[in-house]
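To keep things clear, I will list the structure first and then write my remarks on it.
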Amino acid sequence: MSDRIVILGGGTGGTLAANRLRRHYGETAEIVVVDRDDRHLYQPGLLFVPFGMTTPERIVRPRGKQLHDGINFRIAEVDRVTTAENTVYLSDGTALEYDVLVIASGASLLPGETEGLTGAGWGEKTHTFYTLAGATALAEALERFDGGRLVVNMVDMPIKCPVAPLEFSFLADWYFQRRGIRDRVEITYVTSMDGAFTKAVCNRVLSGMLDGKRVNVVTEFNTGEVDGVGGRLISYDEREIPFDLLVAIPLHGGAEYIGRSPGLGDDLNFVETDIHTLQAKAAPNVFAIGDATNLPSSKAGSVTHFEGETLVANIAHLLNGETLEGTYDGHANCFIESGFHKALLIDFSYELEPVPGRYPEPHVGPLPLLKESRLNHLGKLAFEPLYWHVLLPGHDMPGIGAQMSTRGKQLEAIGQGDRQ
Amino acid sequence: MSTATYAGAVVEVDAEGFLADPAQWTEEMAHEIAAQNGLGELTDRHWQVINFMRDSYLKTGAAPSIRTLGKVSGVPIKELYQLFPKGPAKLAAKIAGIPKPRGCI
């Protein structure tokens with residue numbers, strides 16, 4: 001009898017895992033992907049929706065169509081996983097047994113966790129661009145906005161794509177300049193962290209850019225309450241920041257069913273996962289990929305893509321009775337859109353923070369690291385078709401290894417005491 | 001890495017004064033680090049947070065975030081700010097002798 005591999009989630013991680021596994025096993029394993037709907041959203045596109053740089057229709061495609069032939073796609077809600085029985089219980093009562101389970105349910109937004117955020121003013125004065133509906137409503141709100149205080153608030157880590165709130169601030173500066181009203185708009189970036197970015201070298205570069213674009217930065221602000229009518233952010237230590245338009249990046253958590261599944265998640269419902277093998281702590285035949293994990297890495301598509309190789313290798317090792325390999329190194333890379341047709345690129349891992357250099361070829365590039373350039377912006381745009389046609393089908397990106405390389409990186413940029 | 005002297009013992013600390021090795025920490029050091037950071041006498045409520053921080057760090061290898069503290073430590077977030085003003089997770093970590101909580105990026 002062939003092994004049954006059940007994958008919960010048909011987003012970036014679930015799709016690329018399913019397609020890689022299908023290529024590896026062909027007909028010799030049964031692969032089932034479960035998701036609650038058939039709409040696959042290209043999440044990096046959300047950043048561009050509020051500024052009219054893309055449309056909702058362009059960034060959504062059917063999930064089932066992204067899966068190779070032979071993969072069984074099922075639309076259903078998950079009620080819980082009982083690892084002791086190797087069974088997923090669906091909300092309609094179906095029990096789905098597995099030999100191997102892959103959790104790829106991503107991260108969900110929890111705006112309700114912040115007092116007042118979804119109360120009066122939500123969708124009018126207070127917004128988010130982290131959902132398609134939110135990004136669409138924000139596009140209209142920005143169009144109507146003709147001056148005042150725009151506040152971008154990252155409520156707390158971890159969030160998906162931690163650079164996106166900064167990108168939003170950069171693009172807002174550009175957007176209002178194009179409309180000729182930048183002087184009438186005060187942009188403030190408010191973060192719970194102690195800097196614009198957690199890693200020192202990158203923080204220096206990004207803070208300088210925020211400064212250059214006249215974006216005020218407020219750090220270590222832990223939002224306790226939002227007054228969506230009066231237009232105030234109120235921190236737990238009773239500081240206040242007034243706004244006319246709020247763009248909030250709400251708290252994130254793992255999928256709700258994780259909380260109903262004994263032993264699987266942490267207190268935020270992210271799956272407790274080995275940081276190098278991607279095996280869940282709950283059971284040897286359970287793995288997690290992408291935003292669903294509790295890894296101390298970015299919640300980003302690139303992370304999910306680089307994890308794919310380790311995940312598939314370790315599922316094969318497990319089914320062959322072999323020792324797992326600890327090959328995932330925390331590798332992430334992200335384009336940071338900075339407006340005016342420019343972007344930065346950063347490439348980093350658990351061990352090494354983002355530094356300047358050239359990528360992917362040492363000294364040659366062509367992409368410069370941690371530096372604004374037009375080429376990086378073109379790289380970001382070029383990524384969209386690569387997402388659908390290379391990443392989701394489970395192929396490697398040409399010339400880009402799953403493990404981070406230090407070649408071409410200026411390691412000397414890291415000051416004494418900066419190294420993590 | 002530089003060093004600092006707490007409660008008569010020389011310990012390794014990072015640039016911001018967080019202990020490099022949680023095993024070198026003692027309760028006496030907690031009082032001294034707290035005093036240096038403007039806190040008065042440590043109460044039972046302080047210790048509830050400090051012990052929770054240490055336990056979860058030793059168990060998971062990561063310092064809990066303010067949200068986890070508010071949900072699981074038994075001390076609500078508002079009170080955490082009264083006990084450890086400005087940055088409760090950071091300050092409590094420092095006093096508990098564990099590395100600085102890292103935002104996951």
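Each chain gets a letter, A, B and so on, in the order the sequences are listed, and its residues count up from 1. Reckoned from all heavy atoms, side chains included, excluding hydrogens, waters and symmetry mates.
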> Within a reach of under 6.0 Å around CD of Glu41(B), are more than 12 heavy atoms found that belong to other residues, nucleotides or ligands?
Replying inline: no
> When you look at NZ of Lys281(A), are more than 12 heavy atoms from neighbouring residues, nucleotides or ligands closer to it than 6.0 Å?
Replying inline: yes
> In terms of heavy-atom proximity below 4.5 Å to chain B, should Glu113(A) be classed as side chain, backbone, both, or neither?
Replying inline: side chain
> Mind checking whether Ile66(B) and Met157(A) have side chains closer than 4.5 Å, heavy atoms only?
Replying inline: no
> If we only count heavy atoms from C-beta on, is the Arg67(B) to Pro158(A) side-chain gap below 4.5 Å?
Replying inline: yes
> Asp266(A) versus chain B, heavy atoms under 4.5 Å apart: side chain, backbone, both or neither?
Replying inline: neither
>> With a strict 4.5 Å heavy-atom criterion, list every residue of residues 68-79 of chain B that contacts chain A, or say none.
In response: Thr68(B), Lys71(B), Val72(B), Ile77(B), Lys78(B)
> Taking side chain as C-beta onward, heavy atoms only, is Tyr81(B) less than 4.5 Å from Asn222(A)?
Replying inline: yes
